[in-house]
Amino acid sequence: MDRVLERIENQYWKIEVSDFKSWMLGFISLKEKWKTTPLSEAEILVEYTYTLFANQVLLYPFNWLFAHLFLAHVHERVLENVHKMIGKQ
């Protein structure tokens, strides 16, 4: 389930993903934050951070691998899709 925690249009978004319907390596929630800062007429700085929360200590090494390998790849794809949407390659 996705839930918007805080939002200021064109500046800041903070969301939480929780209540996973399948087993997710002990993860219980994910919090993400996007902050945008206009740099010029044609450029916007997007700062994106996320925090994963887990409740099974024995799985922490797998959690770390998941966060650094899988999610990094997912975020690269998101950036590619954003570039496509705005017509920038």
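Legend: residues meeting side-chain hydrogen bond (donor to acceptor under 3.5 Å, both in side chains) with Glu16, ordered by chain and number and at least two apart, are Arg3. Scored by the salt bridge (Lys or Arg N to Asp or Glu O under 4.0 Å) test, Glu76 finds no partners at all (sequence neighbours excluded).
To the nearest 0.5 angstrom, Leu30 atom CG is 7.0 Å from Ile15 atom CD1. The structure places NZ of Lys14 at 6.0 Å from NZ of Lys31, a figure rounded to the nearest 0.5 Å. To the nearest 0.5 angstrom, Glu6 atom CD is 5.5 Å from Ile8 atom CD1. From Ser40, atom OG reaches atom CG of Leu45 across 11.0 Å, with rounding to the nearest 0.5 Å. To the nearest 0.5 Å, atom CD of residue Gln56 and atom CD1 of residue Ile28 are 10.0 Å apart. Here the straight-line distance linking atom CG of Leu25 with atom CG of Leu59 works out to 6.5 Å at 0.5 Å rounding.
Using a distance-only test at 3.5 Å, with no hydrogens or angles considered, a donor-acceptor pair links the side chain of Thr36 to the main chain of Asn10. When atom types are taken as modelled, the side chain of Tyr50 and the backbone of Ala67 share a donor-acceptor pair closer than 3.5 angstrom.
Note on ring orientation: taking the six-membered ring where Trp is involved, the planes of His68 and Trp64 are parallel (angle under 30°, cut-offs 30° and 60°). Trp34 and Tyr48 have tilted rings, their planes meeting at an angle from 30° to 60° on a 0 to 90° scale.
What you find for Asn63 and Ala54 is that their closest heavy atoms are OD1-CB, 3.4 Å.
Between Thr51 and Phe53 the shortest side-chain heavy-atom distance falls below 4.5 Å.
Hydrophobic clustering (side-chain heavy atoms under 4.5 Å, transitive across Ile, Leu, Val, Met, Phe, Trp, Tyr) groups Trp13 together with Ile44. Under the 4.5 Å side-chain contact rule for hydrophobic residues, Phe62 and Phe27 share a cluster.
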